[in-house]
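Heavy-atom basis, side chains included; hydrogens, waters and symmetry copies ignored. Sequence positions, counted from 1, serve as the residue numbers for this chain. Remember, it's a predicted structure, so these values are computed and weren't measured experimentally.
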Amino acid sequence: DFQIGNEVNFYDLNAKTNFKLGNYSRLYVSAYSGKDHFYFKNFSDNYSLDWGNNAATIRLNNILSPTIFSNTTLAYSHYSYSYYLKSDARNFLWKANMSNLQFKNDIEQTLSDNVAMKYGLAFGYLHNSPGTITPLNEQSVITAASMQNRNSIESAVYWETELNISPILTIKGGCRLLAFSSLGPLTTYTYNQGNKQPVDSTVYSSNQVTKTYLQPEPRLLLNFKLSDISAFKLSYSKMHQNIHLLSNSNIGMPTDIWASVDRDIAPESSDQFSAGYYHNSTDNMFETFAEVYYKKMDGVID
């Protein structure tokens, strides 16, 4: 039952093009912009919410030789949201945003009919502004405040090898080594364990490293070919996430706070084991699979 005065709208813009650079290279350029606006007068005459994303990617594909393929990517993304509340005496505007710039290079190489490799590196810079609150007028009881901006760099190298041991067994294994560093400017605090009040602080200058986490991420996959139409797979993988999503479980709106890891907040990690059975019909009309997994997660903030 929408009435006059409601404002619920969004837009999404996409653009993509590619250029052929000779016989062995191709350049891809893509961009995205989207924004959502929510003002539901029937729900609240004093509340408005906006959020959106902007992203752009430049990717270069190169065939370096008949057995080596290269994929180089430069990507940028920016996410932001804001909302204002005019009810009672609060009357404030809240804003937050997060930007990410990343470069990565991936190589695929075929060594023989039975051996293939993938390897590469990545480097990224993350800027996170968790939140700023501003009173909208002099009558507001809200005091202007900002959570500290968080800057960090993330670098990684990885390799993966696929071995066809026999017509029955294929093994795919590898490891990703991830380094995540929190940077200044930043002020960190030491808290009293009793009343949780800050008792001391450490000030880090711009681009000074406050904490570095070195994170190996091994993974292994075993594929047993039982017949031409069926297979059994076993796998293990370890992963890390260096940005925590702090959610308000009472409302389902995009007002969550993103918190980067630092000296006091450790990364999230997971260990996952899985087993699966796969079966195709003889004419490939039907594909059936069943899979079970066990996942253990550590460092999750609730």
* Asked: Nearest heavy-atom pair of Asn128 and Trp258: which atoms, and what distance?
  -> ND2-O, 2.6 Å

* Structure fact -> Heavy atoms of Ser140 and Asn137 approach each other most closely as N-OD1, 3.0 Å

* For the pair Ser260 and Leu126, evaluate side-chain contact (heavy atoms from CB on, under 4.5 Å) and give the outcome as yes or no after the intermediate values. => CA-CA 9 Å; Ser260 306; Leu126 176 69; 3.8 Å; yes

* Asked: In terms of heavy-atom contacts, does CZ of Phe10 have more than 12 from other residues, nucleotides or ligands at under 6.0 Å?
  -> no

* About how many Å separate CZ of Phe123 and CZ of Phe103, when rounded to the nearest 0.5 Å? -> 11.0 Å

* Counting only N and O atoms by type, is there a donor-acceptor contact under 3.5 Å from the side chain of Asn62 to the main-chain atoms of Leu64? -> no

* Asked: OH/Tyr294 to CZ/Phe273 distance, rounded to the nearest 0.5 angstrom?
  -> 8.0 Å

* Asked: Does Leu178 reach the side chain of Tyr213, with side-chain heavy atoms less than 4.5 Å apart?
  -> no

* His240 side chain to Ser269 side chain, donor-acceptor N/O pair below 3.5 angstrom -> no

* Asked: Under 3.5 Å, is there a donor-acceptor pair linking the side chains of Tyr79 and Trp51?
  -> no

* How far does CD1 of Ile107 sit from CD1 of Ile68, to the nearest 0.5 angstrom? -> 7.5 Å

* Are any non-hydrogen side-chain atoms of Asp113 and Asn164 less than 4.5 angstrom apart? -> no

* With a 3.5 Å cut-off and no angle check, do the side chains of Ser70 and Asn105 form a donor-acceptor pair? -> yes

* Determine, stepwise, if the pair His78 / Ser99 fulfils side chain to side chain donor-acceptor pair (under 3.5 Å). => CA-CA 4 Å; His78 177 80; Ser99 301; 2.6 Å; yes

* To do: Determine whether Tyr293 and Ser235 make a side-chain contact, defined as any pair of heavy atoms from C-beta on separated by less than 4.5 Å.
  => no

* To do: Give the other cluster members for Leu13, using side-chain heavy-atom distances under 4.5 Å between Ile, Leu, Val, Met, Phe, Trp and Tyr residues; answer none if it is isolated.
  => Tyr11

* Asked: What is the distance from atom CG of Leu101 to atom CG of Leu74, rounded to the nearest 0.5 Å?
  -> 5.5 Å

* Any side-chain donor-acceptor pair under 3.5 Å between Asn54 and Tyr76? -> no

* Asked: Which class fits the ring pair Phe289 and Tyr278: parallel under 30°, tilted 30 to 60°, perpendicular over 60°?
  -> parallel

* To do: State, to 0.1 Å, how close Thr132 and Ser146 come at their nearest heavy-atom pair, and which atoms those are.
  => CG2-OG, 3.2 Å

* Return yes if some donor-acceptor pair links the side-chain N/O of Ser281 with the main-chain N/O of Phe286 below 3.5 Å, else return no. => yes

* Structure fact -> Hits for salt bridge (charged side-chain N to carboxylate O under 4.0 Å, His left out) against Lys196, two or more places apart or cross-chain, chain-then-number order -> none

* Taking only residues at least two apart or on different chains, which pairs with a member in residues 139-156 satisfy salt bridge (Lys or Arg N to Asp or Glu O under 4.0 Å)? -> Arg150-Asp262

* Determine the minimum heavy-atom distance between Tyr81 and Pro130, stating which atoms define it. => OH-O, 4.4 Å

* Structure fact -> In terms of heavy-atom contacts, Lys233 and Asn223 come closest through CG-OD1, 3.5 Å

* Atom CD1 of Ile229: over 12 foreign heavy atoms under 6.0 Å -> yes

* Structure fact -> Hits for salt bridge (charged side-chain N to carboxylate O under 4.0 Å, His left out) against Asp271, two or more places apart or cross-chain, chain-then-number order -> Lys238

* **Within residues 198-226 or reaching into it, pairs that qualify as salt bridge (Lys or Arg N to Asp or Glu O under 4.0 Å) - sequence neighbours excluded** => Arg176-Glu217, Glu217-Arg219, Lys225-Asp228

* Look only at the side chain of Asn242 and the backbone of Phe180, and say whether a donor-acceptor pair between them is shorter than 3.5 Å. => no

Would you tabulate the side-chain donor-acceptor contacts of residues 183-193 under 3.5 Å, counting partners in other chains and residues two or more places apart, or write 'none'?
unit_1	atom_1	unit_2	atom_2	d
Thr188	OG1	Arg263	NH1	3.4
Thr188	OG1	Arg263	NH2	3.3
Asn192	OD1	Gly194	N	2.6
Asn192	OD1	Asn195	N	3.1

* Asked: Is the side chain of His244 donor-acceptor paired with the backbone N or O of Ala266 at a distance under 3.5 Å, no angle test?
  -> yes

* Asked: For the side chain of Ser205 and the backbone of Gln208, is there at least one donor-acceptor N/O pair under 3.5 Å apart?
  -> no

* **Crowding at OH, Tyr24 (>12 non-hydrogen neighbours, <6.0 Å)** => no

* Evaluate side-chain contact (heavy atoms from CB on, under 4.5 Å) for Tyr204 paired with Val209, printing each intermediate quantity in order. => CA-CA 8 Å; Tyr204 295 91; Val209 176; over 6 Å; no

* **Candidate pair Val8 and Asp36, rule side-chain contact (heavy atoms from CB on, under 4.5 Å), full reasoning** => CA-CA 8 Å; Val8 182; Asp36 293 74; over 6 Å; no

* Rounded distance [0.5 Å steps], CG in Leu220 versus NZ in Lys172 -> 11.0 Å

* To do: Any chance you could lay out the side-chain contact (heavy atoms from CB on, under 4.5 Å) test for Tyr32 and Asp12, step after step, and finish with the verdict?
  => CA-CA 7 Å; Tyr32 167 83; Asp12 291 289; 2.4 Å; yes

